[in-house]
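Here the structure comes first, spelled out in structure tokens, and everything after it is commentary.
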Amino acid sequence: QVQLVESGGGLVQAGGSLRLSCAASGRTFSSNAMGWVRKARGKEREFVATISWSDSSIYYADSVKGRFNISRDNAKNTVYLQMNSLKPEDTAVYYCAARRLGIASLQERNYNYWGQGTQVTVSS
């Protein structure tokens, strides 16, 4: 089992930045691919970023490419999502996800463990 706890959400003005953190506990974190998914009210869930176990593969959704940066610190069992140039349409609950395999993927069905989510609100 892997337990995931997100933090770092909050209210920010458009153009601002936030950094989300996801602390993992349980089985070996360093072998898992990790990702971030968001769910905005009235919209489908969107997988925004993923990182492989070794940092060798990183992918982003087109909607956040160039603005968001995913990274991980295996020594701290933590994955981060640095969000810059935030827009009101980035408002959503952001969830951290872990995959048993170490291969990065933007497909939700490939992930096995999920956090409870953290709210990000971007005001215009």
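No experiment lies behind these values; they were computed from the predicted model shown. Worth knowing before you read on, the calculation uses all heavy atoms, side chains too, and leaves out hydrogens, waters and symmetry mates.
- Cluster membership check: Leu106 does not share its hydrophobic cluster with Tyr94, using side-chain heavy-atom separations under 4.5 Å among Ile, Leu, Val, Met, Phe, Trp and Tyr.
- Glu6 places a side-chain heavy atom less than 4.5 Å from the side chain of Trp36.
- Between Ala104 and Ile51, the shortest heavy-atom contact is CB-C, 3.9 Å.
- Of all the heavy atoms in Arg99 and Ser105, the pair that sits closest is NH1-CB, 3.6 Å.
- Of the possible polar contacts, none joining the Ser56 side chain to the Ser54 backbone as a donor-acceptor pair under 3.5 Å is found.
- Tracing side-chain contacts under 4.5 Å through hydrophobic residues (I, L, V, M, F, W, Y), one never reaches Val64 starting from Val93; they form parts of separate clusters.
- No more than 12 heavy atoms of other residues, nucleotides or ligands sit less than 6.0 Å from atom CD of Gln116.
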Quick one: do Arg100 and Tyr113 satisfy side-chain contact (heavy atoms from CB on, under 4.5 Å)? Show the steps, please. CA-CA 8 Å; Arg100 291 194 188 103; Tyr113 307 101; 3.3 Å; yes
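- Remark: Arg19 CZ to Asn84 CG distance equals 11.5 Å, nearest 0.5 Å.
- Linking ILVMFWY side-chain heavy atoms closer than 4.5 Å, directly or via other members, places Leu81 and Trp53 in two distinct hydrophobic clusters.
- The nearest pair of heavy atoms linking Ser52 to Arg72 is O-NH1, 3.0 Å.
- In terms of heavy atoms, Leu20 sits closest to Gly9 at CD2-N, 3.6 Å.
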Step by step, would you call Met34 with Leu4 a side-chain contact (heavy atoms from CB on, under 4.5 Å)? CA-CA 10 Å; Met34 301 295 295; Leu4 304 172; 4.0 Å; yes
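- The side-chain heavy atoms of Tyr59 and Ile70, taken from C-beta on, include no pair separated by under 4.5 Å.
- Here the closest non-hydrogen pair linking Phe29 and Val79 is CZ-N, 4.1 Å.
- Here the closest non-hydrogen pair linking Glu46 and Ser63 is OE2-OG, 2.6 Å.
- From Ser21, atom OG reaches atom CG of Asp73 across 10.5 Å, with rounding to the nearest 0.5 Å.
- Under the 4.5 Å side-chain heavy-atom criterion for ILVMFWY residues, no single connected hydrophobic cluster contains both Leu101 and Tyr111.
- Using a 4.0 Å cut-off between charged nitrogen and carboxylate oxygen, Lys65 and Asp62 count as a salt-bridge pair.
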Could you go step by step and tell me if Gln119 and Thr91 meet the side-chain contact (heavy atoms from CB on, under 4.5 Å) rule? CA-CA 8 Å; Gln119 176 71 46; Thr91 295; 4.0 Å; yes
Decide yes or no on side-chain contact (heavy atoms from CB on, under 4.5 Å) for Asp90 and Met83, but give the supporting numbers first. CA-CA 9 Å; Asp90 294 317; Met83 305 185 295; over 6 Å; no
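- Relative ring orientation between Trp114 and Phe47 is described as perpendicular, the plane-to-plane angle rising above 60° on a 0-90° scale split at 30° and 60°.
- The closest side-chain heavy-atom distance from Tyr95 to Val48 is not below 4.5 Å.
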